Amino acid sequence: MIGGLAALGFDTICATPHQKAGQFLPSLDTIDEAHQLVVTQTRTSGVNVSIPLAAENMWDAVFFERFQAKRIPSYDRGSAFLVEFRPAEMPPGVLGHLFRMRTEGKLPVIAHPERYQALWTDKGLLEQMAAQCAMVVDLAAVAGYAGRRQAKVARKWLKQGVAHAVASDSHSRSDIGVAAEGMAWIRKKLGESSLHRLLADHPRRILAGQHPDRSGRLGARVGRTQNSQ
Ligand SMILES: [Fe+2]
């Protein structure tokens, strides 16, 4: 899988093992061990990519405990962390919590936002979430493999600039071709420079803990968001 992504041009591949209470919750030591093994084997096989460690955190009780303890597994132990929600409904008070995370210097990175039904219809919620968080659309959705509605919104948000970046969400080798199709769609419809922005420039800013739209500090727009709640 890493070789396939490298062949597509990826030079940095963030490993984001699921952290989901009751389903996928390997210990952090086990994850570290597996990560080290992958990094070593990648180096041995001559594939030239870096593989920072992060996690795909489900917004659940474990995530919340970790947030309170300031121990959310983040990208390369930095301030940006990946989080996902259940598709059918947003957690209560989500914007307030996200705002608090921003004021504490964190950058929430929203995994596959096109899956969340509340964002399909609630434009205000979408705009406020995009103002506070990095929105990372799944290339499989862009390619049309994650449902019709998901493809439609993913493509619309890419065109509108609501989506800041794209990611492969690869779980197996068969996902590489799907990611390639998503990239091809972006190249064809939005151009090479957009593809570069979505897969290189913005991801680099996100990994540095900066919101892709701004310098990384809380902007006026976010301030207004909080005041209006
Ligand atoms: Fe996910």
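Just so it is clear, the values below take in all heavy atoms, side chains as well, and ignore hydrogens, waters and symmetry mates. Remember, predicted model here, so these are calculated numbers, not experimental data. Order of appearance sets the numbers: ligands from 1, and atoms from 1 within every ligand.
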(message) Are the side chains of Cys133 and Val109 in contact, using a 4.5 Å heavy-atom criterion?
(response)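 Sidechains of Cys133 and Val109: no contact.
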(message) Are Tyr75 and Leu53 linked, directly or through intermediate hydrophobic residues, by side-chain heavy-atom contacts shorter than 4.5 Å (ILVMFWY only)?
(response)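 No.
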(request) Starting from the Fe ion (ligand 1), look over the N/O/S atoms of Glu84 and name the nearest one. (result)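 This residue's closest N, O or S atom turns out to be OE1.
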(message) Quick check: of its N, O or S atoms, which one does Glu56 have closest to the Fe ion (ligand 1)?
(response)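 Result: OE2.
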(message) Let me check your reading of the structure: within less than 2.8 Å of the Fe ion (ligand 1), is there an N/O/S atom from His112?
(response)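 Yes - counting backbone and side chain alike, His112 has an N, O or S atom under 2.8 Å.
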(request) Taking both backbone and side-chain atoms into account, decide whether Asp169 has an N/O/S atom under 2.8 Å from the Fe ion (ligand 1). (result)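 Within the cut-off used here (under 2.8 Å), Asp169 places no N, O or S atom near the Fe ion (ligand 1).
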(request) Please lay out, stage by stage, how His202 and His211 fare under the test ring-ring contact (aromatic ring centres under 6.0 Å, His included). (result) CA-CA 8 Å; His202 282 179; His211 190 286; 8.8 Å; no
(request) Please report the closest heavy-atom contact between Leu125 and Val94, naming both atoms and the distance. (result)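 Scanning both residues, the minimum pair turns out to be CD1-CG1, 4.5 Å.
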